[in-house]
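Chain letters run A, B, ... following the sequence lines, proteins first, then strands; residues in each count from 1.
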Number of protein chains: 2
Amino acid sequence: MSIGVAVPEEPQRGRAPSIRDVARLAGVSHQTVSRVLNHHPSIRPETKQRVLDVMGELQYKPNRAARALVTSRSRTLGILSASSTQYGPASSIAAIESAARTAGYWVSTANIESADAASIADALAHLTAQGIEGLVVIAPQVRVFDTLARLEMDVPYVSLQSTGRDEDHALSVDQIAGARMATRHLIELGHRSIYHLAGPQDWIEAEARMRGFLEEMSAQDVATTAPILGDWTAEFGYYAGRELLTVRDFTAIFASNDQMALGLMHAVRDAGLDIPRDVSIIGFDDIPEAAHFWPPLTTVRQDFAELGRRCVALLLGDIGEASTEATGTITPELVVRRSTGAPAF
Amino acid sequence: MSIGVAVPEEPQRGRAPSIRDVARLAGVSHQTVSRVLNHHPSIRPETKQRVLDVMGELQYKPNRAARALVTSRSRTLGILSASSTQYGPASSIAAIESAARTAGYWVSTANIESADAASIADALAHLTAQGIEGLVVIAPQVRVFDTLARLEMDVPYVSLQSTGRDEDHALSVDQIAGARMATRHLIELGHRSIYHLAGPQDWIEAEARMRGFLEEMSAQDVATTAPILGDWTAEFGYYAGRELLTVRDFTAIFASNDQMALGLMHAVRDAGLDIPRDVSIIGFDDIPEAAHFWPPLTTVRQDFAELGRRCVALLLGDIGEASTEATGTITPELVVRRSTGAPAF
DNA sequence: TCTCGGCATGTTCACGGTCACACGCCGGCG
DNA sequence: CGCCGGCGTGTGACCGTGAACATGCCGAGA
């Protein structure tokens, strides 16, 4: 297979039509055209129609750069993302893009490969050089926000978690509740020795899920061991599982995402054990593949798309575009499949 | 968990510094500053240094909009994407973004949810309204290119496959070879009744993989049945598998991507059959999870990142940015795991 | 009837860069 | 000795749009 490039025929009409071209043909001033574009109220309907007709005829399209220059508004949102190849982040990104587009905004993405300060600073510089009006961070947020502060950027940003001080802007997406649901499910099945395979702690979601786990465990008076800090990958889940199984002092594991759960299941099977008879495993996210794992994975579904939409709503509200106080809780949902069951003990 | 917005303290310095501000403080004309910015050769080193110092002091950052306006170059690449939540597309997108950034380009993405013409046209309009200089399509390309032609857009675009006429620009990424490798692997194991679960046919990759399958089958003189056209999802693989198993006149299936392979494996297990003893299954892509499926999936690895990089190189070459004739073949690689074996017959 | 205010529209300027051209200086060459 | 060309720099125009301000007209109120 190959890659092809194609350059369509060039109409050779020098330059794209500007509002002045439209104005000339419509017999009005360029400002009138500008008013039509911006839905100014005081325009006679017939004038407006005439202008619109000419615009259609000329295939006129407003020049974004000129507009951005004069208004000093880019109408662009930036996304700073890590591991954008994973289902969760990718879903949120898609939703953000979609919501932004609906609101007439553009989205520009910068991915970081490594989470070091230089890489973050570089991505951030790239985004701000573009004059983004808002920033969504889907990455190790703690470090990003540090960098953000150090760079003295004055762009409103959202994370998927309030850091505590910005509670007035908070929109609850209750991942803690999701983690508690998962944990409670295991406890209700009769498990008392439960491990938690957490995500990287500078990801606020990971931290929240871990908090939910610990809260529920202590609320139900179940003794708990220190969570294992993972990196979201199936690979890590696999090796962590192998490690854990050398001791095997547990009957269930709550993994912070489905990929790590998958790796765990692999390790458990490798050890010749049965899921869920010997070990119950629960994940988080409900990626589309989870229903087809072996066994189909019990997990917690989150609405990534809704998450993305809310991010955008919040940002735009902050920019002053809309006052959608779209507060309300997105409740995750427990999806019980076949990877969890009562302990054999 | 919740979402938080934060607006950092505003330095209230009215407006960002422009080249004229820099010029004034450096005691030169604004044009000299511009020359420094654009690395013009005829500048005395000491003048240049003075300007650079002032720029640092003022934290001067060039205004992208102003630049784009006067040069009529946006330095932005567009990505039109479908199913960007899948591993393959997401990986390519990330790679494209990274390569573009390195070249000083921005990337703007538009996702389409449904592949209907209206949705495609909308996304395309959004991207062109932004003045993109190049377009990467990761979507049902046939329809996109139709729309592109109908809209008379004059933006260079790349797809992951030459359409045949643009072979001069072709960069071979041999997916046909990959598909042939997969097929040959099955045949060499002794399989003679092999199904192919293909991807949507307006995705050029899907079509190429199917072609590879058919080519190899006929080259090896193995009778073949018509491929089944899927939609890339595990869900589809599962139902297709259930359907196929009602007849069970095959010993192996080549799925066009790993997700569909996963669904197939699920269906096979549901039928109480063993993989690979009763049915061998091979996928395509080698998503990171594939190694942890049950059984670990034999598949064909593609270098999505390299693919993305080449796309960008090709586009920039076409824009005239670089003349990187980065031709060369990206060869996919067969990864043999445990989901394939000799037929039990 | 005169004034005033609002509507519909036009004129001019500003936004922050780049580009084309002009200018003074200096050394080389006819 | 005068002309030419290149170097380092400055001047002014221009890109496409939106905002401030100006203008003419018309109807309402004094």
Side-chain angles (χ1 to χ4, degrees), chain A residues 13-52 54-55 58-76 104 106 128-131 133 320-321, chain B residues 13-52 54-55 58-76 104 106 128-133 320:
Chain A
R13 43 170 144 65
R15 199 187 306 113
S18 77
I19 50 170
R20 291 174 209 263
D21 298 320
V22 175
R24 200 176 321 112
L25 264 79
V28 296
S29 75
H30 79 270
Q31 177 62 358
T32 300
V33 177
S34 172
R35 287 190 180 105
V36 171
L37 279 175
N38 295 288
H39 308 105
H40 189 99
S42 325
I43 296 242
R44 239 187 320 156
E46 61 208 65
T47 310
K48 180 170 185 174
Q49 192 53 52
R50 191 148 31 98
V51 170
L52 287 174
V54 176
M55 294 202 316
L58 255 48
Q59 299 237 58
Y60 167 78
K61 291 196 184 85
N63 180 315
R64 186 164 94 105
R67 225 176 219 180
L69 177 59
V70 71
T71 58
S72 56
R73 303 256 333 245
S74 66
R75 295 191 75 83
T76 299
W106 283 277
T128 48
Q130 182 166 192
E133 294 183 35
E321 190 72 14
Chain B
R13 42 173 144 67
R15 197 189 307 112
S18 77
I19 50 168
R20 294 173 209 265
D21 297 321
V22 175
R24 197 175 324 111
L25 265 78
V28 296
S29 76
H30 65 101
Q31 177 59 3
T32 300
V33 178
S34 173
R35 288 192 179 102
V36 171
L37 280 177
N38 296 289
H39 307 105
H40 188 99
S42 326
I43 295 242
R44 237 186 321 154
E46 61 207 64
T47 312
K48 181 169 182 172
Q49 193 51 54
R50 191 148 30 98
V51 170
L52 287 173
V54 176
M55 293 201 315
L58 255 48
Q59 299 236 57
Y60 168 78
K61 290 193 186 87
N63 180 315
R64 184 165 94 106
R67 220 173 224 180
L69 177 60
V70 71
T71 57
S72 56
R73 303 252 340 241
S74 65
R75 295 189 77 80
T76 299
W106 284 276
T128 49
Q130 183 167 189
I132 54 167
E133 292 183 36

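Distances shown here put a side-chain N or O of A:Arg15 below 4.0 Å from the OP1 or OP2 atom of D:dG16. The phosphate of D:dG16 (OP1 or OP2) has no side-chain N or O of A:Arg67 nearer than 4.0 angstrom. Between C:dG16 and B:Arg20, no contact under 4.0 Å exists linking OP1 or OP2 to a side-chain N or O. In terms of phosphate contacts, B:Ser42 brings no side-chain nitrogen or oxygen within less than 4.0 Å of OP1 or OP2 of D:dC7. Under 4.0 angstrom from either OP1 or OP2 of D:dG18 there lies at least one side-chain N or O belonging to A:Asn38. The phosphate of D:dC15 has neither OP1 nor OP2 within less than 4.0 Å of any side-chain N or O from B:Ser72. Proximity of A:Thr32 to the phosphate of C:dG10: a side-chain N or O atom is located under 4.0 Å from OP1 or OP2. A close approach under 4.0 Å does not occur between any side-chain nitrogen or oxygen of A:Ser29 and OP1 or OP2 of C:dT9. Checking the phosphate oxygens (OP1, OP2) of D:dT9, a side-chain nitrogen or oxygen of B:Thr47 falls inside 4.0 Å.
One atom, NE2 of A:His39, and another, P of D:dT17, lie 15 Å apart when rounded to the nearest Å. Atom CE of A:Met55 is separated from atom P of D:dG16 by 16 Å (rounded to the nearest Å). Going from atom CD of B:Gln130 over to atom P of D:dT17 covers 16 Å, rounded to whole Å. The CZ atom of B:Arg35 sits 21 Å away from the P atom of C:dG16 (whole-angstrom rounding). In this structure, B:Leu37 places its CG atom 16 Å from C1' of D:dT9, rounding to the nearest Å. A straight line from CZ of A:Arg64 to C1' of C:dC15 spans 16 Å, rounded to a whole angstrom. Here C:dG10 presents its C1' atom at 16 Å from CZ of A:Arg24, a figure rounded to the nearest Å. Between the CZ atom of A:Arg44 and the C1' atom of D:dG24 there is a distance of 13 Å, given to the nearest Å.
A:Leu69 comes within 4.0 angstrom of a nucleotide base, judged by non-hydrogen atoms across all strands. Among the atoms of the strands shown, base atoms are found under 4.0 Å from some heavy atom of B:Ile19. B:Val28 comes within 4.0 angstrom of the backbone, heavy atoms only, and of no base. No contact: A:Lys48 has no heavy atom under 4.0 Å from any strand.
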Could you go through the side-chain contact (heavy atoms from CB on, under 4.5 Å) check for A:Arg64 and A:Thr76 one step at a time? CA-CA 11 Å; A:Arg64 186 164 94 105; A:Thr76 299; 3.0 Å; yes
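Out of C:dG17, D:dG18, D:dG10, the shortest distance to the side chain of A:His30 is found at D:dG18. Nearest to the side chain of B:Pro62, among D:dG16, D:dT17, C:dG17, sits C:dG17.
For the pair A:Tyr60 and A:Val54, the minimum side-chain heavy-atom distance is 4.5 Å or more. Using a 4.5 Å heavy-atom threshold, the side chains of B:Asn38 and B:Arg67 count as touching. You'll find the side chain of A:Arg35 stays beyond 4.5 Å of the side chain of A:Thr47, heavy atoms only.
If A:Arg50 and B:Ser18 are placed on DNA chain C by their nearest nucleotide, the residue sitting closer to the 5' end is A:Arg50. Nucleotides of DNA chain D nearest to B:His40 and A:Val70 differ in position, and the one nearer the 5' end is that of B:His40. In this structure, B:Gln31 and B:Ala66 both approach DNA chain C, and ranking their closest nucleotides by distance from the 5' end singles out B:Ala66.
Between the side chain of B:Arg50 and the main chain of B:Ala26, a donor-acceptor pair closer than 3.5 Å is present.
Shortest non-hydrogen contact noted between B:Ala16 and B:Asp21 is O-OD2, 4.1 Å.
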